[in-house]
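The structure under discussion appears below in the form of structure tokens.
In this text the structure is predicted, and so the values were computed from the model without any measurement. Throughout, a chain's letter reflects where its sequence line sits, starting with A, and its residues are numbered from 1.
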Protein chains: 2
Amino acid sequence: MSQAQPGTPYEHTCMIRGDGGRTIRAVLDRICDKWTLLIVATLDEQRMRFGELHQHIPGISQRMLTLTLRNLTRDGLVSRTAFAEVPPRVEYALTPLGKSLIPPALALAGWAMENNARIMESRAAHDTADGRPSPPAE
Amino acid sequence: MSQAQPGTPYEHTCMIRGDGGRTIRAVLDRICDKWTLLIVATLDEQRMRFGELHQHIPGISQRMLTLTLRNLTRDGLVSRTAFAEVPPRVEYALTPLGKSLIPPALALAGWAMENNARIMESRAAHDTADGRPSPPAE
DNA sequence: CAGCATCCTGAAAGATACTG
DNA sequence: CAGTATCTTTCAGGATGCTG
């Protein structure tokens, strides 16, 4: 997708709107569930086995850990290595593809850190601005 | 959050895992719904009124446009200007805060463009790898 | 024109219990 | 240890019709 003229201020925004948003939605669908990014970030620090992940990620259920890992593996972001031992041992690690997701994810996280306060302010102001308490739409 | 030692390879990843993922989830919750990023990207190109947005964003319903815009406005990412005319006219535009979301969003979109093919490959390989057809987990 | 009010559905995800 | 198997709740989001 390089149909944007250089010099156009929005040469990049089209990357988002591009095909009606299908591409950006593809990523979002992949990383926006409740646990994926957390798992990826955790595995970025070191390869881990199932139980370790379960401990390192507070609040996740076995079920969701299983499901998310399976999808991540399927998409090639995470590698799964099962050792033929007893008791069983399975190790998960980020693949290069998985690691490549870290920088953009950090960009987002950085934005979150910097601007969350502002957003909460705006929200509070908007809500308390006399009138009714208008909690999140929908 | 600058509790990471410089030199640590993961000084940044902690930004994601940081507080148990609460911060990153805050952004995700904000931008990961089906329409937010699309609207933001569209408004980045030019301020628009309700109807225009509705046309520019294929597939969105009035309801979702209204709701998403309301949340965006509430969070201070989008400004809403109603003109006291008849027929009514309302214009939406990105605030500076809203504009600041564009770069990180682009980082993600870029990643999507670059790696989507690889992911689909991996997925296809994983699925057709003899055995059963294992569509997305869950 | 720019919305609001309702009804309805599928998919995400939590809780809980069981197994190779 | 590393998962499966069910059951249940929640709720984002679609469809449709009405209004200031």
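- Every residue meeting the side-chain contact (heavy atoms from CB on, under 4.5 Å) condition with Ala107(A), not counting sequence neighbours, appears here in chain and number order: Pro104(B), Ala107(B).
- Between Arg89(A) and dG3(D) there is no side-chain polar atom (N or O) within less than 4.0 angstrom of OP1 or OP2.
- Rounded to a whole Å, the CG atom of Asp33(A) is 16 Å from the C1' atom of dT10(D).
- Partners of Thr66(B) by side-chain contact (heavy atoms from CB on, under 4.5 Å), not counting sequence neighbours, listed by chain and number: Phe50(B), Arg70(B).
- Note on Tyr92(B): only backbone sugar-phosphate atoms sit closer than 4.0 angstrom, heavy atoms only; bases stay farther off.
- Listed by chain and number, the residues in a salt bridge (charged side-chain N to carboxylate O under 4.0 Å, His left out) with Arg47(B) are Glu91(B) (sequence neighbours excluded).
- Computed from C1' positions of five pairs at each end, the angle between the two local axes of the helix from dC1(C)-dG20(D) to dG20(C)-dC1(D) equals 50°, rounded to 10 degrees.
- Looking at residues two or more places apart in sequence or on another chain, you find a side chain to side chain donor-acceptor pair (under 3.5 Å) between Glu85(B) and Arg89(B).
- A distance of 12.0 Å separates CZ in Arg49(B) from OG1 in Thr81(B), rounded to the nearest 0.5 Å.
- Screening residues 18-111 of chain B for disulfide (SG to SG under 2.5 Å) gives Cys32(A)-Cys32(B) as the qualifying pairs, with residues at least two apart or on separate chains.
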Sub-3.5 Å pairs of nitrogen or oxygen atoms, protein against nucleotides 5-8 of chain C:
| residue | atom | partner | partner atom | Å |
| --- | --- | --- | --- | --- |
| dT6(C) | O4 | Arg63(B) | NH1 | 3.4 |

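- Among residues at least two apart or in separate chains, side chain to side chain donor-acceptor pair (under 3.5 Å) pairs with a member in residues 108-117 of chain A are Trp111(A)-Asn115(A), Trp111(A)-Ser100(B).
- The distance between atom CG of Asp29(A) and atom P of dA11(C), rounded to the nearest whole Å, is 13 Å.
- Here the P atom of nucleotide dG3(D) and the CD atom of Glu91(A) are 12 Å apart, to the nearest Å.
- Counting to the nearest Å, the P atom of dA13(C) and the CG atom of Asn71(A) are 10 Å from each other.
- Residues that satisfy the salt bridge (charged side-chain N to carboxylate O under 4.0 Å, His left out) test with Asp75(A), not counting sequence neighbours, are Arg30(A), Arg123(B).
- Applying the side-chain contact (heavy atoms from CB on, under 4.5 Å) test to Ala82(B) and every residue at least two apart in sequence or in another chain returns Arg80(B), Val90(B).
- Atom C1' of nucleotide dC11(D) and atom CG of Leu67(B) are separated by 13 Å, given to the nearest angstrom.
- Residue contacts for Thr66(A): at a heavy-atom cut-off of 4.0 Å it reaches a base atom on one of the strands shown.
- Comparing Leu69(B) and Lys34(A) by the nucleotide of DNA chain C whose heavy atom lies nearest to each, the residue mapping closer to the 5' end is Leu69(B).
- Within the structure, a side-chain polar atom (N or O) of Arg70(A) is placed less than 4.0 Å from OP1 or OP2 of dT4(D).
- Contacts with DNA chain C (heavy atom under 4.0 Å) in residues 47-62 of chain B: Arg49(B), Phe50(B), Gly51(B), Gln62(B), listed by number.
- A straight line from CG of Leu65(B) to C1' of dA12(D) spans 16 Å, rounded to a whole angstrom.
- Minimum atom distance to the side chain of Val90(A) is reached by dA2(D), of the listed dA2(D), dG13(D), dA13(C).
- Residues meeting the side-chain contact (heavy atoms from CB on, under 4.5 Å) test with Thr42(A), sequence neighbours left out: Met48(A), Leu53(A), His56(A), Ile57(A), Arg17(B).
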